[in-house]
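Below is one structure; the comments refer to it alone.
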2 protein chains.
Amino acid sequence: MPSKPPPPITMDAVYAAPGYLFRRMQQIAVSIFMEECRDFDLTPVQYAALVAIHTHPGIDATRLSAVIAFDRSTLGSVIERLQAKNYIERKPSPEDKRIKLLYLTKSGAALLKEIIPAVERAQARMLEPLKPADRKTLMALLEQLVDLNNEASRVPLRAEDALEHLGKAG
Amino acid sequence: MPSKPPPPITMDAVYAAPGYLFRRMQQIAVSIFMEECRDFDLTPVQYAALVAIHTHPGIDATRLSAVIAFDRSTLGSVIERLQAKNYIERKPSPEDKRIKLLYLTKSGAALLKEIIPAVERAQARMLEPLKPADRKTLMALLEQLVDLNNEASRVPLRAEDALEHLGKAG
DNA sequence: CCTATATTGTAAGTATACTGTCAATCTCAA
DNA sequence: TTGAGATTGACAGTATACTTACAATATAGG
């Protein structure tokens, strides 16, 4: 029995591959975000970090990385930049000398409020070319897929766990 | 008339935002690709470049960037790494002294053949958690969205145009 | 022919995103 | 209590991904 011949190597196979489409869509999403938020000098990642710190004041970097599914190393430089721009501040923890607690500054809180309409415009623009029903379908499937694949990523999202150790156990 | 109060700022809003899901899915996709292709020392981007050079031998870097929707600057270092690993070679064009033509080496062609099963396993694994019908729906919608948003990205895909100037016009 | 303009590859600078490693610190169990 | 192991933030190293800028080269118009 002859084995199946290998499929031809074509760009069309690349263009239709999930991995390629995910990369392409991510590029597009970042591009749209940066365009809508041009006035604010804030990247998508920096925005997510600000929201998380706003929601969980006094979080530390390691837990923050779990809450936004971010590598700890990467997050270090993100935090540095946010601090350099005076949007957040770091205070040493009295309980654990290794830890630095993160808080929004007034400037950071104000920025967050102001930028939200631009962020929502960006999010809407990403899906705009689709029909409303298709937008819902796509988001529902993607949310499922990301959730079901959570453990496959190197830095899984740990939204709840992360907070159990924050002195707000419940 | 009082204006609508602003929506509360929550992490759930971030988790459901298209931009966040696209970034997360991209992280997961790269992670799975790297895991399946561990034996080969090739990144997703390097793989796409190899396929494109295989499909269009003698392509130059600028056209390659259009064919895989890649920034020219980024591509420079990708090409360098592929050359350092002896998977491609660059030859000066006799017609245009600015241009360097790209070709797969024997080693690169062999690698490409060998890696394909691993790449296909990776692509399959990304969608595995979904039901087959949902996989199709998701891919169809995503393909549409990427295509319709093509111009929104900084480096739009120009699959066909790019080749018209390659001496294969027609 | 010669000059304004465009293209090509390259480089410098910024920002994710990951792999490791490390010292300081904390925790827990023997 | 002390010592093994874990955690934390920091750092070095690699790889996208983008911006702007630049010199070398090519092209088109006058």
Side-chain angles (χ1 to χ4, degrees), chain A residues 19-20 22-35 38 41-49 59-66 68-85 90 92-102 153-156 162 165, chain B residues 19-20 22-35 38 41-49 59-66 68-85 90 92-102 153-156 162 165:
Chain A
Y20 180 82
F22 293 138
R23 176 170 72 77
R24 202 73 192 91
M25 196 57 231
Q26 154 75 356
Q27 285 179 330
I28 290 165
V30 171
S31 181
I32 291 175
F33 184 103
M34 296 304 285
E35 212 175 295
R38 188 179 300 140
D41 185 33
L42 208 63
T43 67
V45 167
Q46 288 168 15
Y47 171 76
I59 198 171
D60 63 284
T62 297
R63 256 149 287 280
L64 180 59
S65 90
I68 57 180
F70 238 68
D71 183 80
R72 240 170 8 123
S73 306
T74 307
L75 199 57
S77 54
V78 174
I79 288 174
E80 253 177 40
R81 281 185 280 275
L82 286 174
Q83 193 174 19
K85 291 193 251 191
R90 302 211 245 184
S93 161
E95 293 169 13
D96 189 330
K97 286 176 197 166
R98 294 170 305 178
I99 287 178
K100 297 177 185 174
L101 306 176
L102 302 171
S153 79
R154 186 79 171 93
V155 186
H165 311 284
Chain B
Y20 179 82
F22 293 139
R23 177 171 71 76
R24 201 74 191 90
M25 196 58 231
Q26 155 74 356
Q27 285 178 329
I28 290 165
V30 171
S31 181
I32 290 175
F33 184 102
M34 295 305 282
E35 214 176 293
R38 188 179 300 140
D41 185 34
L42 209 63
T43 67
V45 167
Q46 288 168 15
Y47 171 75
I59 197 172
D60 64 284
T62 296
R63 256 149 287 279
L64 181 58
S65 92
I68 57 180
F70 241 68
D71 182 80
R72 233 165 21 118
S73 307
T74 306
L75 200 56
S77 53
V78 174
I79 288 174
E80 253 176 38
R81 282 185 279 275
L82 285 174
Q83 194 174 19
K85 292 194 252 191
R90 303 163 98 173
S93 161
E95 293 169 13
D96 189 331
K97 285 177 198 168
R98 296 170 302 178
I99 288 180
K100 297 176 183 175
L101 307 176
L102 302 171
S153 77
R154 282 313 278 185
V155 185
H165 309 287

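We use all heavy atoms of the structure for the numbers below, so side chains are in, but hydrogens, waters and symmetry mates are not.
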(request) On DNA chain C, check which nucleotide each of B/Q26 and A/R72 is closest to and give me the residue with the more 5' one. (result) B/Q26

(message) Quick check: closest heavy atoms across B/L75 and B/S65, and the distance to 0.1 Å?
(response) CD2-N, 3.4 Å

(request) Between A/A69 and A/D41, just flag the one whose closest nucleotide in DNA chain C comes earlier from the 5' side. (result) A/D41

(message) I want to check one thing: is the phosphate of C/dT10, taken as OP1 and OP2, less than 4.0 Å away from some side-chain N or O of B/R98?
(response) no

(message) Does B/R98 form a side-chain contact (heavy atoms from CB on, under 4.5 Å) with B/D60? I'd like the steps, not just the answer.
(response) CA-CA 10 Å; B/R98 296 170 302 178; B/D60 64 284; over 6 Å; no

(message) Check the phosphate of D/dT16 against B/R81, side-chain N and O only, distance under 4.0 Å to OP1 or OP2. Yes or no?
(response) yes

(message) Could you check whether A/Q27 and A/R24, counting side-chain N and O atoms only, form a donor-acceptor pair closer than 3.5 Å?
(response) yes

(request) Please work out if A/T74 contacts a base, only the sugar-phosphate, or nothing of the nucleic acid, heavy-atom cut-off 4.0 Å. (result) base

(message) Please confirm whether the shortest side-chain N or O distance from A/Q83 to OP1 or OP2 of D/dG9 is below 4.0 Å.
(response) no

(message) Under 4.0 Å from OP1 or OP2 of D/dC11: is there any side-chain N or O of A/S73 that close?
(response) no

(message) Measure CD1/B/I59 against P/C/dT8 and give the value in whole Å, please.
(response) 12 Å

(message) Can you see if the side chain of B/S77 gets near the phosphate of D/dT16 - specifically, an N or O under 4.0 Å from OP1 or OP2?
(response) no

(request) May I have the distance from A/E35 (atom CD) to D/dC18 (atom P), rounded to whole angstrom? (result) 13 Å

(message) Between C1' on C/dA15 and CG on A/L75, what's the gap in Å once rounded to a whole number?
(response) 13 Å

(request) Looking only at non-hydrogen atoms, find the nearest pair between B/L82 and B/A49 and report the distance. (result) CD1-CB, 3.9 Å

(request) Answer yes or no: does a side-chain N or O of B/K97 lie under 4.0 Å from OP1 or OP2 of C/dG9? (result) no

(message) Nearest whole Å is fine: how far is C/dA11 C1' from B/E80 CD?
(response) 10 Å

(request) In whole angstrom, give the distance that lies between atom CD1 of A/I28 and atom C1' of D/dT16. (result) 17 Å

(message) From the set D/dT8, C/dC26, C/dA15, return the single nucleotide nearest to any side-chain atom of A/D96.
(response) C/dC26

(message) So A/V78, base contact, sugar-phosphate only, or nothing? Heavy-atom distance under 4.0 Å.
(response) sugar-phosphate

(request) May I have the distance from B/R63 (atom CZ) to C/dG9 (atom C1'), rounded to whole angstrom? (result) 12 Å

(request) Determine: side-chain N/O of A/Q46 to OP1/OP2 of C/dT16, distance under 4.0 Å, yes or no. (result) yes

(message) Can you measure A/E95 atom CD to D/dT7 atom P for me and round it to whole angstrom units?
(response) 18 Å

(request) Output yes when at least one side-chain N/O atom of B/R23 is less than 4.0 Å from OP1 or OP2 of C/dA17, else no. (result) yes

(request) Taking only the side-chain heavy atoms of B/K100 (C-beta and beyond), determine which of D/dG9, C/dT10, D/dC18 contains the nearest atom. (result) C/dT10

(message) Rounding to an integer number of Å, can you tell me how far A/K85 NZ sits from C/dT14 C1'?
(response) 10 Å

